[in-house]
Amino acid sequence: MTQPQSSSTSGSQAWLFFRQWLKNPLSIAALAPSGAQLAGLMTAELPAGASRVIELGAGTGVFTRTMLDNGIAPEQLLVVELNEELYEYLRTQFPTAHVVCGNACDLTSIVAEKEFASAGQVDAIVSGLGLLNMSRDLQLSIMRSAFDVLKPGGCFIQFTYSPKPPLPRELLDELGLSVRRGGFAWRNIPPASVFVFSRNRSEQMRAVRK
Ligand SMILES: C[S@@+](CC[C@H](N)C(=O)[O-])C[C@H]1O[C@@H](n2cnc3c(N)ncnc32)[C@H](O)[C@@H]1O
């Protein structure tokens, strides 16, 4: 178990997060870290028995902590964060997990360099990225890398402040992905919806044959 958070810890995390938002609002994409209800709903979408998991855009580690508290082993968790200050913070908070300062669109090479897994061996990806604000090219490159490293039946769990999935239908069709709605975190500020992306059955067969 990780240590319970004191109110001064969550206050200093909120301040660290807000400072990063002031420097780069588009990339941080939220004024404050996600709340416990959203973290619980994201973690609840992990497939039964999931062990090897990647987190993208971890911020101050709200989802990281919840996943570790729910049985994901730190050595089986790869955390990728682009912002250097947040990366340094995550590294000190989760010294036994694999924490990397990097870009989610380079996930295939990060996974290989860190020898975290071979392609197609990851059970699930939990994403806190602000996908909705990203260009189509960046969305495409992140989702391609993500599904490169996921198992054929693996899933990509994402939250968004929009009531609709944060990726356009035509992009999902291009990648052969389907999406289903997960929970709704009404206590989060702002309220957020969880969506779960996975390969269509024909894409799963293709991935198995690779
Ligand atoms: C909306 S915040 C979510 C933070 C945390 N998951 C939470 O829910 O509190 C988005 C996070 O994604 C990170 N980020 C943005 N673009 C990224 C990228 N291309 N690769 C990795 N991390 C990225 C930001 O630095 C920020 O920490």
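In each ligand, atom 1 is the first atom listed, and ligand 1 is the first ligand listed. Residues: numbered from 1 along the sequence shown. Hydrogens, waters and symmetry mates play no part in the numbers below; they use all other heavy atoms, side chains included.
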May I ask you to check whether G57 has an N/O atom sitting below 3.5 Å from an N/O atom of ligand 1?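 So ligand 1 has an N or O lying under 3.5 Å from an N or O of G57.
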A104, any N or O under 3.5 Å of ligand 1 N or O: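 Right, the criterion is met.
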What is the closest protein heavy atom to [atom], and at what distance does it sit?
atom	value
atom 22 (N) of ligand 1	L82 N, 3.3 Å
atom 19 (N) of ligand 1	N103 OD1, 2.8 Å
atom 2 (S) of ligand 1	I28 O, 3.0 Å

Report the member of E55, Q20, E81 with the shortest heavy-atom distance to atom 26 (C) of ligand 1.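 Looking at heavy atoms only, E81 sits closest to atom 26 (C) of ligand 1.
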Report the member of G128, A58, A192 with the shortest heavy-atom distance to atom 5 (C) of ligand 1.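 Shortest heavy-atom distance from atom 5 (C) of ligand 1: A58.
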Would you mind listing which atoms of ligand 1 come within a distance below 4.0 Å of any non-hydrogen atom of [X]?
X	answer
P33	9 (O)
S34	7 (C), 8 (O), 9 (O)
S27	15 (C), 16 (N), 24 (C)
N83	25 (O)
F17	2 (S), 4 (C)
G102	20 (N), 21 (C)
L86	27 (O)

Non-hydrogen atoms of L129 versus ligand 1: any pair closer than 4.0 Å?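 The answer is yes, since L129 has a heavy atom less than 4.0 Å from ligand 1.
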Taking atom CG as the centre, does L31 end up with more than 12 heavy-atom neighbours from other residues, nucleotides or ligands that are less than 6.0 angstrom away?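 Buried by this count: over 12 neighbours within 6.0 Å.
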Given side chains that start at C-beta, do those of Q76 and V53 come closer than 4.5 Å, heavy atoms only?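 Sidechains of V53 and Q76: no contact.
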Run through the side-chain heavy atoms of Ile, Leu, Val, Met, Phe, Trp and Tyr, join any pair under 4.5 Å, and report what else lands in W186's cluster.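 Noted: W186 shares its cluster with F184.
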Quick check on side chain to side chain contact (heavy atoms under 4.5 Å, CB included): which of L131, V179, L132 does P165 satisfy it with?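 So the option named by the test is V179.
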For the pair W21 and F18, name the ring-plane relationship: parallel under 30°, tilted 30 to 60°, perpendicular over 60°.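 It falls in the parallel class, under 30°.
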Enumerate donor-acceptor pairs with a distance under 3.5 Å from any side-chain N or O in residues 94-104 to protein atoms, sequence neighbours excluded.
{"residue": "H98", "atom": "NE2", "partner": "E75", "partner atom": "O", "Å": "2.9"}
{"residue": "N103", "atom": "OD1", "partner": "C105", "partner atom": "N", "Å": "3.1"}

Of the options Q20, K23, E88, which is the one that meets N83 in a side-chain hydrogen bond (donor to acceptor under 3.5 Å, both in side chains)?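 Passing option: Q20.
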Derivation and outcome, salt bridge (Lys or Arg N to Asp or Glu O under 4.0 Å), residues D173 and R169: CA-CA 6 Å; D173 290 344; R169 182 75 257 167; 3.2 Å; yes
At what distance, to the nearest 0.5 angstrom, does CG of L46 lie from CD1 of I125?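 Rounded to the nearest 0.5 Å, the CG-CD1 separation comes out at 11.5 Å.
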Side chain, backbone, both or neither: the part of L38 lying under 4.0 Å from ligand 1 by heavy atom: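 No part of L38 comes within reach of ligand 1.
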Donor-acceptor under 3.5 Å (Q121 side chain, S118 main chain):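 Yes: the side chain of Q121 pairs with the backbone of S118.
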